[in-house]
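Note sheet for the following structure.
From a predicted model like this one, the values you see are computed outputs, not experimental measurements. Residue numbers start from 1 in every chain, and the chains themselves are labelled A, B, ... in the order their sequence lines are given, proteins ahead of strands.
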Amino acid sequence: DVQLVESGGALVQPGRSLRLSCAASGFIFTDYAMHWVRQAPGKGLEWVSGVSWNSYTVLYADSVKGRFTISRDNGKNSLYLQMNSLRVEDTAFYYCSKGGCSSTDCHSGASWGQGTLVSVSS
Amino acid sequence: DIQMTQSPSTLSASVGDRVTITCRASQTVSSWLAWYQQKPGKAPTLLIYKASSLESGVPSRFSAGGSGTEFTLTVSSLQPDDFATYYCQQYNRSPYTFGQGTKLEIK
């Protein structure tokens with residue numbers, strides 16, 4: 001079975017940094033693109049970022065471009081999201097998701113983790 | 001960015017009803033559209049990809065169609081487990097935007 005386990009969520013002050021991790025198992029990690037999707041409490045879904053299987057293609061939402069960096073370590077079956085210059089509006093549950101194919105051209109949510117909460121507040 | 005608009009935002013229905021949710025894109029997304037179901041406190045799950053392809057394991061009472069800018073998700077006979085929030089998402093062009101969601105409630 002596909003398993004995606006996020007970690008790294010925390011309460012942080014505006015302007016600080018945080019790194020999220022997602023440990024993947026139950027599938028061939030290098031066969032799939034990976035994505036981050038977030039959801040502010042009580043709100044809808046927002047796609048944040050995606051990375052192709054070989055990291056050649058990385059994509060970002062306008063709201064995080066220049067502040068967030070997605071990366072993956074295929075040797076460790078892990079996905080990461082480095083979040084810098086955090087803002088109050090970045091407060092959300094962050095979900096790791098497996099794409100539908102190796103490139104970022106497929107649907108981004110074939111499987112999802114349980115989410116990790118990032119709270120940005122002074 | 002491509003804007004995705006779902007209608008209605010809330011839908012009240014009864015077990016056994018047939019319901020349809022609509023998703024409209026601000027510009028063409030071809031058939032690069034997915035539908036997700038989300039229950040309270042849980043992660044979303046994939047129902048449909050490429051506009052009309054049913055994800056493995058999803059009940060056949062779910063169907064979807066459309067192309068270009070207008071898409072639909074239909075549940076042929078609502079079951080108690082289907083009351084949830086549904087989202088469409090386009091993946092034709094980054095950023096891969098979601099609709100605002102449609103909450104399906106029990107009447």
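Using a 4.5 Å cut-off between heavy atoms, A:Phe93 does not touch chain B at all. Proximity to chain B (any heavy atom under 4.5 Å) is shown, for A:Val48, by neither the backbone nor the side chain. For a residue to count as touching a neighbouring chain, one of its non-hydrogen atoms must lie under 4.5 Å from one of that chain's; by this rule B:Gln38 touches chain A with the side chain only. Only the side chain of A:Gln39 comes within less than 4.5 Å of a heavy atom in chain B; its backbone stays farther off. Interface remark: B:Lys50 contributes no atoms to any contact with chain A (heavy atom separation under 4.5 Å). Neither the backbone nor the side chain of A:Lys65 comes within less than 4.5 Å of any heavy atom in chain B.
For the pair B:Gln6 (side chain) and B:Tyr86 (backbone), a donor-acceptor distance under 3.5 Å is present. In this structure, B:Ser26 contributes its side chain and B:Gln3 its backbone to a donor-acceptor pair below 3.5 Å. B:Lys107 places no side-chain N or O within donor-acceptor distance of the main-chain N or O of B:Val15, the cut-off being under 3.5 Å. Between the A:Arg67 side chain and the A:Ser85 main chain, a donor and an acceptor come within less than 3.5 Å of each other.
Put simply, of B:Tyr49, B:Tyr87, B:Tyr96, the one with the most heavy-atom pairs under 4.5 Å next to chain A is B:Tyr96. Between chain B and the residues A:Gly113, A:Ser49, A:Cys106, the most heavy-atom pairs under 4.5 angstrom are made by A:Cys106. The most heavy-atom pairs under 4.5 Å with chain A, out of B:Pro95, B:Gly99, B:Pro44, come from B:Pro44. Across B:Asp1, B:Thr45, B:Thr85, the residue that shares the most heavy-atom pairs under 4.5 angstrom with chain A is B:Asp1. Residue with the most contacts toward chain A among B:Ala34, B:Ser94, B:Gly101, B:Pro40: B:Ser94 (heavy-atom pairs, distance under 4.5 Å).
The same ILVMFWY cluster, assembled from side-chain heavy atoms under 4.5 Å apart, contains both B:Trp32 and A:Leu59.
Contact annotation: the side chain of A:Glu89 never approaches that of A:Ser63 to less than 4.5 Å [non-hydrogen atoms, C-beta and beyond].
What you find for B:Asn92 and B:Thr28 is that their closest heavy atoms are ND2-O, 3.6 Å.
A cation-pi arrangement is absent between A:Arg72 and A:Tyr80, since the terminal nitrogen or guanidinium carbon is not both under 6.0 Å from the aromatic centre and inside a 45° cone about the axis.
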